[in-house]
Amino acid sequence: MTDSEGESRDGVEAAVMRARAAQTTWAQRGFRRRGLALRALAARARADAELARLISEETGKPPFEAIGFEIAYLCEATRVLAGGSGRRALAEDRRSSLIFPHKRARVSWRPRGVVAVIGPANFPLLNNFGDAVAPLLAGNAVVLKPSPRTARTSGRMATLWREAGLPDGVFQVVEGNAEISQALVDACDMVFFTGGVSAGREIAARAGQRLRPCVAELGGKSAMIVLADADLPAAARAAVWGAFAGTGQVCIRVERVLVEAPVAEELVRLVAAETKALRLGAADVTARLQPAQMERCRAQVADAVARGAQVRAGTGEPTEAGFPPTVLDYVPADATVAVEETFGPVLPIIRVASAEEAVRLANASSLGLSGSVWSRNQARARDLARRIETGSVCINDVLVNYFFVAAPLGGVKASGLGFRHGPEALRQFCYPQTIVEDRPLFGPLANWMRRQLGFPYRQRVLAVLRFLLKVVYR
Ligand code: NAD
């Protein structure tokens with residue numbers, strides 16, 4: 001790294017070259033040994049007081065979130081992804097063909113090479129080094145570019161990597177702004193981007209120009225659907241936690257509540273009471289907001305109020321201390337706060353006539369990241385969940401889907417491309433290589449078949465082929 005301004009384009013290219021040189025040996029280590037190394041690194045990170053301190057310092061998050069969300073996630077992600085299902089997902093397997101029974105194909109999952117991980121500001125560990133875990137386990141080298149707003153956490157992970165004696169060049173951090181992201185996309189073999197929709201579009205287009213794969217994990221407008229038979233106190237508690245954890249800067253946060261009219265008043269009363277009980281600027285809601293984020297929150301609240309919404313908790317106005325968690329009731333479905341990502345501490349509540357209307361509104365969004373359905377009837381909730389067009393849905397819970405590292409998690413529509421987590425994600429950071437060969441002991445048949453196929457085409461062979469097509473595919 002050069003200085004606080006960040007890396008230069010040449011510096012990025014040099015980092016990618018170092019990564020390329022180191023990657024082959026890393027890939028040769030094998031999945032099990034790579035997994036052990038990353039699990040040992042996660043244990044080192046867990047014991048490192050400096051890391052938790054940095055996460056809190058850079059983001060303003062309370063220690064509960066720095067440790068409970070970010071460090072806990074790293075431990076769980078390395079444990080799950082390095083486990084047996086990951087090893088099996090990347091193991092070579094064999095496939096056969098009815099047309100060429102004397103042959104077989106060996107399919108192996110080869111790392112793509114150097115993966116660029118470009119991370120957001122809101123989760124400096126979980127969405128930065130945390131997102132390097134799967135590509136590294138799959139045998140790639142990673143060059144990570146964190147957000148300039150919270151880059152020191154990634155720098156600390158690079159130090160811990162070195163102190164753990166892990167190979168030079170396999171994991172590197174480059175610092176900088178959008179231009180450095182672009183230089184990285186231009187030099188790497190694959191991109192794993194997490195951030196906002198507009199930067200995601202640019203990154204994916206740039207990767208597309210080079211025909212390099214790009215995973216993009218972008219923004220959300222996740223709906224929490226509360227049916228009339230829900231456990232309302234539990235739903236209210238979850239709405240407040242889901243909306244205001246990380247001061248609302250969580251991609252899968254509760255961005256809007258869609259509640260059935262008969263229970264709406266009671267739910268709003270409970271949500272407002274829970275919100276008023278939050279400890280601001282202390283243990284619960286302390287994360288920092290950028291001025292632009294505060295302005296977005298203010299403008300969205302003002303727009304909703306102008307269209308008839310009522311403020312039930314908070315003021316919807318920024319103060320010296322930040323932006324107070326604000327609850328809005330009677331929000332019209334077309335208000336900006338009900339449609340566009342807020343990514344800040346504002347919770348709009350939209351009253352709906354029926355579950356059908358809730359599903360329709362949930363799906364009317366251009367985003368499709370996450371969501372939840374609340375009902376005492378789990379089968380009915382599951383039926384509704386299946387109709388929601390998002391990458392994941394919780395029933396009677398919020399946010400916890402992120403910690404199911406064994407299951408894929410991603411977005412649809414403008415929320416992104418690809419996904420993280422699960423053995424499926426490990427394969428995503430590889431390309432399949434198929435090697436077709438003769439089966440042992442089938443050599444003479446293979447030689448005879450090779451003579452029958454190809455030029456010159458013979459009528460007799462075509463007649464046999466026709467006969468076989470008729471018999472086999474009837
Ligand atoms: P951001 O898009 O501003 O920045 C993300 C990263 O991209 C940073 O490293 C930044 O330096 C870089 N960047 C910014 N503009 C760029 C450009 N034009 N070209 C190339 N690189 C660029 O996002 P942020 O403010 O750090 O994070 C907030 C957004 O991220 C929210 O929309 C949130 O929903 C989303 N997010 C999504 C997930 C997910 O898993 N889906 C997780 C966390 C955050």
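What you see is a predicted model; the values in this text were computed from it and never measured. Just follow the structure's listing: the first ligand is 1, and inside any ligand the first atom is 1.
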- Item | Shortest reach to atom 35 (C) of ligand 1 by a heavy atom, considering only P120, P124, G195 |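 Among P120, P124, G195, the closest heavy atom to atom 35 (C) of ligand 1 belongs to G195.
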
May I ask you to identify, for [X], whether its side chain, its backbone, both or neither come under 4.0 Å of ligand 1 on a heavy-atom basis?
X    : answer
N127 : side chain
L218 : backbone
F343 : side chain
N122 : side chain
E202 : side chain
P148 : side chain
I118 : side chain

[atom] - nearest protein heavy atom and its distance:
atom                    : result
atom 23 (O) of ligand 1 : G196 N, 3.5 Å
atom 21 (N) of ligand 1 : S181 OG, 2.9 Å
atom 8 (C) of ligand 1  : G119 O, 3.1 Å
atom 40 (O) of ligand 1 : R420 NH1, 2.7 Å
atom 25 (O) of ligand 1 : R149 NH1, 3.7 Å
atom 26 (O) of ligand 1 : A121 N, 2.9 Å
atom 5 (C) of ligand 1  : T194 O, 3.7 Å
atom 11 (O) of ligand 1 : K145 NZ, 3.0 Å

Correct closest heavy-atom pair for E7 and I180 would be O-CD1, 3.0 Å

Nearest heavy-atom contact between R380 and A355 is NH2-CB, 3.6 Å

Practice item. May I ask you to check if K221 and F343 form a cation-pi contact, with NZ or CZ under 6.0 angstrom from the six-membered ring centre and within 45° of the axis? Key: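 Not satisfied by the 6.0 Å and 45° rule.
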
*Who passes ring-ring contact (aromatic ring centres under 6.0 Å, His included) against F192, sequence neighbours left out?*
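Per chain and number, F192 pairs via ring-ring contact (aromatic ring centres under 6.0 Å, His included) with F429.
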
For the residue pair F171 and W161, categorise the inter-ring angle as parallel (less than 30°), tilted (30 to 60°) or perpendicular (more than 60°).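 If you compare the ring of F171 with that of W161, the planes turn out tilted.
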
Q: For the pair Y73 and F403, name the ring-plane relationship: parallel under 30°, tilted 30 to 60°, perpendicular over 60°.
A: perpendicular

- Protein heavy atoms: any of them under 4.0 Å from atom 3 (O) of ligand 1? no

ask   = Taking everything shown except R201 itself, do over 12 heavy atoms lie less than 6.0 Å from its CZ?
value =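 It does not: R201 CZ has 12 such atoms or fewer within range.
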
May I ask whether G416 has any heavy atom positioned less than 4.0 angstrom from an atom of ligand 1?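 G416: no contact with ligand 1 (<4.0 Å).
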
Review point. F69 and F64: ring pair (Phe, Tyr, Trp, His ring centres under 6.0 Å), yes or no, with the steps?
Key: CA-CA 8 Å; F69 288 13; F64 191 97; 7.0 Å; no

**Message:** Tell me whether D189 is salt-bridged to R112, with the criterion being a basic N under 4.0 Å from an acidic carboxylate O.
**Reply:**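 Salt bridge: no.
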
**Message:** Could you work out, with salt bridge (charged side-chain N to carboxylate O under 4.0 Å, His left out) as the rule, every residue matching E76, not counting sequence neighbours?
**Reply:**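 With sequence neighbours excluded, E76 shows a salt bridge (charged side-chain N to carboxylate O under 4.0 Å, His left out) to R79, given in chain and number order.
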
Distance (rounded to the nearest 0.5 Å) between L384 CG and S375 OG: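 Answer rounded to 0.5 Å: 8.0 Å.
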
